[in-house]
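Computed over heavy atoms, backbone and side chain alike; hydrogens, waters and symmetry mates excluded. In this text, all values refer to a predicted model and were calculated from it rather than measured experimentally.
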Amino acid sequence: MDFDVLNSDEYYHNFEDIKNSVLSNSPLPKYIPKNYTFEKGYIFYDHENFYKQYEDEMTYREYRQQLFKKAKGLNKDYYYKEYKRLDSFKMYNLTYKASEKNEFGYYPSIYIRCKKGKTTVIEDGNREMNPKIISHNGKKYLKRLGAYYTYYYIDDELWTVEFMLGLPEDEAFKIMESIDVGN
């Protein structure tokens with residue numbers, strides 16, 4: 001048995017707290033429709049990689065087998081590692097919830113994910129993948145199944161931003177174009 005404890009994320013229920021926890025030039029929306037309020041945010045931090053120093057010597061599976069062998073040598077049925085969270089964060093999510101139910105009886109949400117670097121996977125979930133590249137006011141977006149993807153360069157660092165917005169497209173673009181990158 002293996003117990004890995006990752007101290008790699010923090011949860012926030014106040015926008016000012018999350019705003020104060022990310023870099024001052026991180027992508028943040030300036031515009032959110034009036035009937036939506038900030039519900040929660042998550043910051044995901046980089047964490048220590050115990051395996052990295054053994055990458056050239058053995059596979060990850062061999063590394064874990066070595067840890068199990070060491071635990072058995074100590075008469076334990078498990079090993080335990082608590083990862084150290086590093087100060088740099090790699091991604092954060094913001095969720096806003098509507099104050100009124102929609103015609104389907106639930107409160108719609110706005111979900112924004114900001115990630116340092118490029119996003120290499122857009123999950124297909126066994127659904128048809130038909131992404132479209134669309135342009136609006138000179139900026140390009142990838143659109144797929146109600147989600148929009150775009151990027152920003154901030155201080156020569158690439159940020160990928162995903163927007164999941166159950167809103168009319170004109171409102172969606174207002175949010176996407178309001179992203180404040182601290183410039």
Practice prompt. Give every residue pair that meets the side-chain hydrogen bond (donor to acceptor under 3.5 Å, both in side chains) criterion with at least one member in residues 65-74, sequence neighbours excluded.
Written response: K72-D77
Under the side-chain hydrogen bond (donor to acceptor under 3.5 Å, both in side chains) test, which residues partner [X], sequence neighbours left out?
X: N137; answer: E177
X: S21; answer: Y12
X: Y31; answer: E171
X: K19; answer: none

Item to complete: Output all residues satisfying side-chain contact (heavy atoms from CB on, under 4.5 Å) with Y106, sequence neighbours left out; order by chain, then residue number.
Response: N102, F104
[atom1] of [X] to [atom2] of [Y]: how many Å apart, nearest 0.5 Å?
X: Y92; Y: R113; atom1: OH; atom2: CZ; answer: 12.0 Å
X: I18; Y: I43; atom1: CD1; atom2: CD1; answer: 4.5 Å
X: Y149; Y: R144; atom1: OH; atom2: CZ; answer: 6.0 Å

If the condition is ring-ring contact (aromatic ring centres under 6.0 Å, His included), which residues does [X] pass it with, not counting sequence neighbours?
X: Y42; result: Y11
X: Y151; result: Y153
X: F173; result: H136, Y141, Y148
X: Y107; result: none

Worksheet item: Can you tell if the side chain of M91 reaches within under 4.5 Å of the side chain of K116, non-hydrogen atoms only?
Response: no
Discussion item. I'd like to know if the side chain of T37 reaches the main chain of A98, judged simply by a donor and an acceptor atom lying under 3.5 Å from each other, with no hydrogens or angles considered.
Written reply: no
Fill in: With E62 via salt bridge (Lys or Arg N to Asp or Glu O under 4.0 Å) - residues at least two apart
none
Worksheet item: Under the salt bridge (Lys or Arg N to Asp or Glu O under 4.0 Å) test, which residues partner E55, sequence neighbours left out?
Response: none
Discussion item. Distance to the ring centre below 6.0 angstrom and angle to the axis at most 45 degrees; does that hold for K139 and Y152?
Written reply: yes
